[in-house]
There are 2 protein chains.
Amino acid sequence: MQDDVKRGRGRPKAWDDKAPQNTIKSLDRALEVLVALGDMQGGTLSEVASALDQSPATVYRVLTTFQGRGFVDFDAQNQVWNIGAAAFLTGSQFLRRTSLVERARPIMRDLMDATGETANLGIERDGQVLFLGQVETHATIRAFFPPGTVSAMHASGIGKALLCRMDDARQRRVLAQGKLEQFTPHTLTDPDAMIADLHAARARGYAIDAEERNIGMRCIAAPVYNVFGEAVAGISVSGPTTRITTDKIAVLAQPVMDAAARLTVAIGGNNRPAG
Amino acid sequence: MQDDVKRGRGRPKAWDDKAPQNTIKSLDRALEVLVALGDMQGGTLSEVASALDQSPATVYRVLTTFQGRGFVDFDAQNQVWNIGAAAFLTGSQFLRRTSLVERARPIMRDLMDATGETANLGIERDGQVLFLGQVETHATIRAFFPPGTVSAMHASGIGKALLCRMDDARQRRVLAQGKLEQFTPHTLTDPDAMIADLHAARARGYAIDAEERNIGMRCIAAPVYNVFGEAVAGISVSGPTTRITTDKIAVLAQPVMDAAARLTVAIGGNNRPAG
DNA sequence: TTTGTGTTTTTCATAATGTGAAAAATAATT
DNA sequence: AATTATTTTTCACATTATGAAAAACACAAA
């Protein structure tokens, strides 16, 4: 970064260490409630209140206010509060911004048509893979990654497609974060084995997740590049090992790489990767 | 419906007309800001403030507070505020919750009450319509599609409601699969006639199955959209031609479309269809 | 039944804190 | 250089958020 930051229009922000008092405390506490409700995947009033160590009365008012705008739903049957449709709708506007998702949509649909398997789109965020969208196969047996799911980099096709294009330093940093947690007997937990796998993926042009996260599921992923040739997203197909057999991987990899290349073009990226 | 509703545990809510003061005003105003920011797809402080007719100082504090939790991002380059990743992450928890079928249930019940006819819910699977659920009319003569039933797309109201929102290529592909099998003298077997019928349905906003699958049965269906404005399901009413007469179709279509729109909202979808 | 326990919702007094106006400090424009 | 537009901070004041406790229920057991 440059030393002199590009500053905005009006009065400059106070770069003091003494915290400027321009945030709203009650709103912040309310957001804490909303996030907690999402993390715990719904709960009763008392559950939420005790989890946050806050007064039930306050949490109750926060929840009913959110409810008024549809940000949370209340299941009167079981007295359970949950994240509501409005939160999803507003939150989804985040995707529209980068326009990555919008542009990926038709490409993913074609990929699904060409391969018959569910197509996925994901990016890296905070050392994990964040799934942004998918187009589901029509087959009855299908992999399911709803948008918003996060997954470990080292045990995901898209994660490894992104990793294999990072320089060594960043690779090691990201991998060190997650400690290579073992999910299945096939998960690569040895750093050297992981590095070797990433080199292979880089040479091939696509990464493979062979039952490393879920037994019975394989995934083939390729990186998508931005204008600087940096891998900023991954596109993949995932399905059961019964359909994605080892000898079909090379066949399926081609449409995946094609789709990634198309998406790279669609977002104004450079298909000649940097480094 | 019963008069005595199933009530929860604790103290009952005050059913007074005089608004109970258990919502938080400042939080509500803050949510108004967040929703507006999403609707206008991002904007500068002054844009948001003037759009809501609020003091810039207040809106500023709201935005910085949201920013603190990642619910909005600030692009210092262009001084533009936008919906952030945390809003997306939390909002996405909504999807993880209940299924389409559960959300549709109360809506379908209302639709049945309003029309007096059996209400149906279906999606596309493997080129066919898969019925996921229904709420039966009280009348003795009734259409019966038990959940799990599959039916040909081209001879079903829901099927045509889904088809009429696909692009031409997919339309032709799906239709080619089934070869437009003839079930009754009214079944549309000519591809051009089918395309014309689908265009009409698209323009109307609802599709009609006029004895095309079963003699003596008519069906009125409307599409349900996901967050991308893609038709992912259909909702319909079906009944005997003696009750669903040709001159009643337009009358019955309104509650059907209303129900579809409600379900779209309930699943976090976008009622402005894509394409 | 009656009693007891664990809920959720409301009321109320009090103080915390959110609020707008205006000032301050910058960038863009003329 | 002066003006305009915009963002951020300060400050005095009153709005309003807050927790404790009470009220009103459901549920379980005696």
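A note on names: the letters A, B, ... follow the listed sequences, proteins ahead of strands, and every chain is numbered from 1. In what follows, every heavy atom counts, from backbone to side chain, and hydrogens, waters and symmetry copies are set aside.
If you check every strand for non-hydrogen atoms under 4.0 Å, Thr44(B) touches sugar and phosphate atoms only.
Side-chain N/O atoms of Ser55(B) include none lying less than 4.0 angstrom from OP1 or OP2 on dA21(C). The phosphate of dT15(D) has neither OP1 nor OP2 within less than 4.0 Å of any side-chain N or O from Ser26(B).
Counting to the nearest Å, the P atom of dA25(C) and the CD atom of Gln79(B) are 18 Å from each other. One can place CD1 of Ile24(A) at 19 Å from P of dA16(C), the figure rounded to the nearest angstrom. Separating the NZ atom of Lys25(A) from the C1' atom of dA15(C) is a distance of 13 Å, rounded to the nearest angstrom. Remark: P of dT10(D) and OH of Tyr60(B) are 11 Å apart, rounded to the nearest angstrom. In this structure, Gln54(B) atom CD and dA21(C) atom C1' are separated by 15 Å, rounded to whole Å. Atom CG in Leu45(B) sits about 9 Å away from atom C1' in dT8(D), given to the nearest Å. As a whole-Å value, the separation of Glu47(B) CD from dT7(D) C1' is 13 Å. For Asp75(A) and dT7(C), the CG to P distance is 17 Å, given to the nearest whole Å.
At a cut-off of 3.5 Å, with distance as the only test, a side-chain donor of Ser236(A) or Asn120(A) sits close to an acceptor on the other residue. If you check the side chains of Gln79(A) and Asp75(A), you find no donor sitting under 3.5 Å from an acceptor.
When the nucleotides dT8(D), dG18(C), dT8(C) are ranked by their closest atom to the side chain of Trp81(B), dT8(D) comes out on top. Side-chain atoms of Ala57(A) lie closest to dA20(D) of the nucleotides dA20(D), dT6(D), dT8(D). Comparing dT18(D), dA21(C), dT16(D) by their nearest atom to the side chain of Arg29(A) picks out dT18(D). Closest contact between the side chain of Arg61(A) and the listed nucleotides dT18(D), dT7(C), dT8(D) involves dT18(D).
The nearest heavy atom of DNA chain C to Leu27(A) and to Ser46(A) marks one nucleotide each, and the one closer to the 5' end goes with Ser46(A).
A salt bridge between Arg109(B) and Glu136(B) is absent, with no side-chain N of the basic residue lying under 4.0 Å from a carboxylate O of the acidic one.
Between Trp81(A) and Leu45(A) there is a side-chain heavy-atom pair separated by less than 4.5 Å.
Remark: Arg103(B) is positioned above the aromatic ring of Phe94(B), its terminal NZ or CZ atom under 6.0 angstrom from the ring centre and at most 45 degrees off the axis.
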